[in-house]
Amino acid sequence: MKSKELVELLKKRLPNEDYEWQYDEKTDKLRLEHTGLNKGMEISLPEIIRKYNQKKEVAIDEVVYTIDATFRAMEIEKMKGFKGQSTIYPVIRSASFPEQTSAGQRFVMKDHTAETRIYYALDLGETYRLIDESMIEELGKSTEEISEIALFNVRSLSTKMKKDEVAGNVFYFVNNNDGYDASRILNRAFLANMETKIEGDMTVSVPHQDVLIIGDIRNKTGYDVLAQMTMQFFTNGTVPVTSLSFVYEEGHLEPIFIMAKNRVARKKGKE
């Protein structure tokens with residue numbers, strides 16, 4: 001599929017009279033403007049085409065949903081504002097994610113690891129809006145309160161998991177598709193409880209926003225499997241976070257690439 005074909009396909013899937021389409025052939029980007037809101041969004045076409053080659057119509061469904069949900073959130077903001085809204089959750093993003101909106105407003109955010117950063121989202125039902133500094137006054141909360149509320153609310157999210165075993169290693173997947181799966185990495189009680197069940201090394205991965213992977217790595221092959229698995233999720237995710245995994249031990253996250261070799265053997269030696 002070529003970029004112009006993709007633009008035409010998106011126009012057919014999103015037949016809205018309020019949408020104004022501007023395709024920049026030089027940058028290979030699409031600017032979609034909502035004339036009723038006087039707001040818009042920029043879409044990188046090569047990235048969508050790459051995902052289309054892998055996932056076909058699923059990739060198109062994802063981008064259509066994202067566009068529709070984004071503009072619906074903007075419409076809610078215009079009609080109702082944010083006053084009285086208190087359902088706030090943390091959202092994990094990569095450290096390279098923009099620190100401000102397209103209008104130049106800084107997001108409310110907090111450092112997490114060298115690879116990830118915590119943003120905060122106002123939940124709007126089927127979608128959410130990342131909180132920026134222009135919203136603080138209307139929300140009536142300080143940045144500290146926003147952070148505290150978000151960390152409290154993340155503990156209420158389901159931690160239902162699917163389990164899989166590969167080459168003697170066990171992997172658990174949290175995948176509720178509610179936009180906050182990766183956010184479960186901030187649920188300290190959940191991670192501490194999982195640590196009591198792990199026999200080998202406990203790893204935590206957030207390759208994209210809609211999955212949290214916990215690994216029970218019991219042999220060296222497990223790390224190879226984990227690396228391949230996280231890269232695949234990272235490549236196919238709608239909102240990629242990081243392909244790097246972390247070793248979790250007693251409440252601390254450490255990137256796997258800086259861990260010593262034979263870590264499994266060393267841990268067994270402690271027991």
Side-chain angles (χ1 to χ4, degrees), residues 1-82 85 87 89 91-94 96-105 107 119-132 134-135 175-183 207-211 232-241:
M1 178 181 287
K2 295 181 179 180
S3 295
K4 288 184 178 180
E5 294 174 329
L6 175 57
V7 172
E8 293 304 313
L9 178 58
L10 291 176
K11 285 182 179 180
K12 290 180 181 178
R13 293 287 302 273
L14 292 161
N16 191 319
E17 293 180 356
D18 290 326
Y19 291 168
E20 187 176 280
W21 305 78
Q22 301 169 2
Y23 170 53
D24 188 329
E25 191 170 355
K26 188 175 181 179
T27 61
D28 210 6
K29 290 183 178 181
L30 171 67
R31 173 72 183 177
L32 183 54
E33 197 80 21
H34 192 301
T35 56
L37 298 169
N38 291 320
K39 292 184 178 181
M41 61 190 301
E42 197 169 70
I43 302 166
S44 175
L45 299 177
E47 183 178 343
I48 299 172
I49 292 172
R50 176 179 57 78
K51 290 182 179 179
Y52 176 81
N53 291 334
Q54 297 172 334
K55 302 192 290 185
K56 301 303 178 185
E57 290 303 316
V58 174
I60 304 300
D61 292 340
E62 287 177 351
V63 71
V64 167
Y65 173 81
T66 299
I67 292 170
D68 186 53
T70 299
F71 283 126
R72 277 190 286 113
M74 291 180 182
E75 289 171 350
I76 292 172
E77 174 187 346
K78 184 177 181 179
M79 289 187 296
K80 300 180 179 179
F82 305 115
Q85 297 285 344
T87 308
Y89 293 107
V91 175
I92 299 295
R93 290 289 185 267
S94 69
S96 61
F97 191 82
E99 297 185 18
Q100 60 184 30
T101 68
S102 57
Q105 293 288 343
F107 289 115
Y119 289 71
Y120 300 95
L122 186 64
D123 191 86
L124 301 173
E126 294 183 9
T127 185
Y128 59 69
R129 162 73 186 273
L130 292 183
I131 298 174
D132 61 61
S134 70
M135 300 165 60
N175 182 216
N176 295 276
N177 284 313
D178 56 9
Y180 308 110
D181 286 305
S183 302
H208 64 74
Q209 76 161 12
D210 293 314
V211 69
Q232 183 176 9
F233 274 97
F234 176 77
T235 302
N236 295 327
T238 305
V239 183
V241 179

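Since the structure is predicted, the reported quantities are computational estimates derived from the model, not experimental observations.
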Query raised in the report: Going by an N to O cut-off under 4.0 Å, is there a salt bridge joining Arg129 and Asp123?
Result: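 Not counted as a salt bridge, because no side-chain N and carboxylate O are separated by less than 4.0 Å.
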So do the side chains of [X] and [Y] get within less than 4.5 Å of each other, counting heavy atoms only?
| X | Y | answer |
| --- | --- | --- |
| Leu122 | Thr87 | no |
| Leu14 | Val64 | yes |
| Phe234 | Val241 | no |
| Leu30 | Trp21 | yes |
| Val239 | Arg93 | yes |
| Phe71 | Leu32 | yes |
| Ile67 | Met41 | yes |
| Val63 | Lys51 | no |

Over all atoms of both residues, closest heavy-atom pair of [X] and [Y]:
| X | Y | value |
| --- | --- | --- |
| Ala121 | Val91 | CB-CG2, 3.4 Å |
| Gly104 | Gln100 | O-OE1, 3.8 Å |
| Ile49 | Lys2 | CD1-C, 3.9 Å |
| Tyr23 | Ser3 | OH-CB, 3.4 Å |

Requested in this report: Flag yes if more than 12 heavy atoms outside Gln232 fall under 6.0 Å of its CD atom; otherwise flag no.
Outcome: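 Counting neighbours around CD of Gln232, 12 or fewer heavy atoms of other residues, nucleotides or ligands fall under 6.0 Å, so no.
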What distance separates [X] [atom1] from [Y] [atom2], expressed to the nearest 0.5 Å?
| X | Y | atom1 | atom2 | answer |
| --- | --- | --- | --- | --- |
| Leu45 | Glu5 | CG | CD | 12.0 Å |
| Ile43 | Arg31 | CD1 | CZ | 9.5 Å |
| Leu130 | Thr101 | CG | OG1 | 10.0 Å |
| Gln209 | Ser94 | CD | OG | 11.5 Å |
| Glu62 | Glu57 | CD | CD | 11.5 Å |

Query raised in the report: Where does the angle between the aromatic ring planes of Phe233 and His208 fall among parallel (under 30°), tilted (30 to 60°) and perpendicular (over 60°)?
Result: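 It falls in the tilted class, 30° to 60°.
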Query raised in the report: Once the angle between the rings of Phe97 and Phe107 is folded into 0 to 90°, is it parallel (under 30°), tilted (30 to 60°) or perpendicular (over 60°)?
Result: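 It falls in the tilted class, 30° to 60°.
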Requested in this report: Please step through ring-ring contact (aromatic ring centres under 6.0 Å, His included) for the pair Tyr120 and Tyr89, ending with a clear verdict.
Outcome: CA-CA 6 Å; Tyr120 300 95; Tyr89 293 107; over 10 Å; no
Would you confirm whether [X], through its side chain, and [Y], through its main-chain N or O, come within 3.5 Å as a donor-acceptor pair?
| X | Y | answer |
| --- | --- | --- |
| Asp18 | His34 | no |
| Asn176 | Asp181 | no |
| Lys29 | Pro46 | no |

Query - Option from Lys12, Lys4, Lys11 for which salt bridge (charged side-chain N to carboxylate O under 4.0 Å, His left out) with Glu8 holds - result: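 Testing Glu8 for a salt bridge (charged side-chain N to carboxylate O under 4.0 Å, His left out) against Lys12, Lys4, Lys11 leaves exactly one candidate, Lys11.
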Query raised in the report: Which residues pass the side-chain hydrogen bond (donor to acceptor under 3.5 Å, both in side chains) test with Thr235, sequence neighbours left out?
Result: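 Result, side-chain hydrogen bond (donor to acceptor under 3.5 Å, both in side chains) vs Thr235: none returned.
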Query raised in the report: Would you say the side chains of Thr35 and Glu20 form a donor-acceptor pair under 3.5 Å?
Result: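 Looking only at side-chain atoms, Glu20 and Thr35 do not form any donor-acceptor pair under 3.5 Å.
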Requested in this report: Report yes if the distance between the aromatic ring centroids of Tyr180 and Tyr128 is under 6.0 Å, otherwise no.
Outcome: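 So the answer is yes for these two rings.
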